[in-house]
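Remarks on the structure that follows.
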There are 2 protein chains.
Amino acid sequence: MSERELRRNLAILPIGTVRELTLLTDRQIRYYEQHQLVNPARGNGGQRRFSLNDIDRLLEIKDFLDAGDSIKDIQEIFAKQHRKAVGKQDSDSALRRSLQKEFAQIGRFSR
Amino acid sequence: MSERELRRNLAILPIGTVRELTLLTDRQIRYYEQHQLVNPARGNGGQRRFSLNDIDRLLEIKDFLDAGDSIKDIQEIFAKQHRKAVGKQDSDSALRRSLQKEFAQIGRFSR
DNA sequence: ACCTCCATGTCATAAAACCTAACACATATT
DNA sequence: AATATGTGTTAGGTTTTATGACATGGAGGT
């Protein structure tokens, strides 16, 4: 997995930030999670941690809903998409550890 | 300013995340802020919001301290660096608005 | 017109995260 | 010995997030 993908999958954002970036309410975000359209990680205290990919996904959901699709429709759409791309299930903690190493040693966000 | 830079300057991370990513304590982070080595934005409730650039900076600070430099040394180092690059003082809210637009319309994190 | 479902709003309550300020301390500098 | 530095720790208060329950407006079916 590239450093870029790594970064995009790192769950670092609290719901408040996501709310601001997506212009969704937390009610909506939680509802979508409840219906398995997103799957944010959880911090130690049980709070949701979103990745940039999660945000993308939320924005997709928003678009689909605006376009008239139902939650169920979207579930199926995502299911189909996923049937193509499988095999990338690194645990978040593994990602975190990996990225920490990079940070602590050589890696920097800036190129 | 490129979309990339925009994203890197967006203040989105709470101190807890920064703590995990940098392996600094919040005490340290706040102390560095107090001595003006970093300048995280603040959310409505007054809580710090860090950008990816802020994280870079914190990691730099860490390196300098490990290398034996004092806070004051680092202040000067940064001051010199800054004397070269001036003129990019878009307000955070402007950045946020701008990015929101992109998100809401066409832009996506993913390519 | 009535009923039901769906997506969302709202409220209550509790826990987690964060804030500032103060005091403590070990190490280095003078 | 006295002072300065960077960090740990604790206390008390505020903000954010979590869950669960109840309410509601609109769409579609009967």
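Order of the sequence lines sets the chain letters (A, B, ...), proteins ahead of strands, with each chain counted from 1.
Every side-chain contact (heavy atoms from CB on, under 4.5 Å) that A:Lys80 has, sequence neighbours left out, goes to A:Arg83.
For C:dC19, the OP1/OP2 oxygens have a side-chain nitrogen or oxygen of B:Arg48 closer than 4.0 Å. One finds a side-chain N or O of A:Arg19 lying less than 4.0 angstrom from the OP1 or OP2 phosphate oxygen of D:dT17. Phosphate proximity of C:dT20 to B:Arg42: present, with a side-chain N or O under 4.0 Å from OP1 or OP2.
One atom, CG of B:Asp26, and another, C1' of C:dA16, lie 14 Å apart when rounded to the nearest Å. Distance A:Leu24 CG to C:dT8 P: 8 Å, rounded to the nearest Å. Taking atom CD1 of residue B:Ile29 and atom P of nucleotide C:dA17, one finds them 15 Å apart after rounding to whole Å. One can place CG of B:Asn44 at 14 Å from P of C:dC19, the figure rounded to the nearest angstrom. Distance CD (A:Glu33) to C1' (C:dT8): 16 Å, rounded to an integer number of Å. Taking atom CZ on B:Phe64 and atom C1' on D:dG6, their separation rounds to 17 Å, with Å as the unit. At whole-Å resolution of the value, CG in B:Leu13 and C1' in C:dA17 are 15 Å apart.
Looking only at distances, no side-chain donor or acceptor of B:Asp56 sits under 3.5 Å from a matching main-chain atom of B:Asn53. Formation of a donor-acceptor pair under 3.5 Å by the A:Asp54 side chain with backbone atoms of A:Ser51 is found in this model.
Mapping A:Thr25 and A:Gly45 onto DNA chain C via the closest heavy atom, the residue that lands nearer the 5' end is A:Thr25.
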Under 3.5 Å, N/O pairs linking protein and nucleotides 26-28 of chain C:
none

Check: protein-nucleotides 20-29 of chain D nitrogen or oxygen pairs below 3.5 Å:
none

Produce the list of close N/O pairs, under 3.5 Å, pairing protein atoms with atoms of nucleotides 10-13 of chain D; give distances to one decimal.
none

Tabulate protein N/O versus nucleotide N/O from nucleotides 4-7 of chain C, keeping only pairs under 3.5 Å, one per line.
from, atom 1, to, atom 2, distance (Å)
C:dA7, OP1, A:Ile71, N, 2.8
C:dA7, OP2, A:Tyr31, OH, 3.3

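With rounding to the nearest 0.5 angstrom, the CZ atom of B:Arg8 is 9.5 Å from the CD1 atom of B:Ile55. Here the straight-line distance linking atom CZ of A:Arg57 with atom OG1 of A:Thr22 works out to 14.5 Å at 0.5 Å rounding. A distance of 10.0 Å separates CG of A:Asp69 from CG of A:Asp63, quoted to the nearest 0.5 Å. Taking CG from A:Leu21 and CD1 from B:Ile12, the interatomic distance works out to 6.5 Å, rounded to the nearest 0.5 Å. The line from OG1 of B:Thr17 to CZ of B:Phe50 is 10.0 Å long, rounded to the nearest 0.5 Å. The CD atom of A:Gln75 sits 10.0 Å away from the CD1 atom of A:Ile61 when rounded to the nearest 0.5 Å.
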Inset, instruction - Any chance you could lay out the side chain to side chain contact (heavy atoms under 4.5 Å, CB included) test for B:Glu60 and B:Gln81, step after step, and finish with the verdict? - result: CA-CA 13 Å; B:Glu60 283 188 72; B:Gln81 282 180 8; 4.1 Å; yes
Inset, instruction - Decide yes or no on side chain to side chain contact (heavy atoms under 4.5 Å, CB included) for A:Leu52 and A:Arg7, but give the supporting numbers first. - result: CA-CA 8 Å; A:Leu52 298 182; A:Arg7 222 161 49 216; over 6 Å; no
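For B:Asp66, the CG atom counts as densely surrounded, since its 6.0 Å shell holds more than 12 non-hydrogen atoms of other residues, nucleotides or ligands.
The closest side-chain heavy-atom distance from A:Leu65 to A:Gln28 is not below 4.5 Å.
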Can I get a per-line list of side-chain donor-acceptor pairs under 3.5 Å for residues 29-37 of chain B, giving both atom names and the distance, sequence neighbours left out?
from, atom 1, to, atom 2, distance (Å)
B:Glu33, OE1, B:Arg48, NH1, 2.1
B:Glu33, OE2, B:Arg42, NH2, 3.4

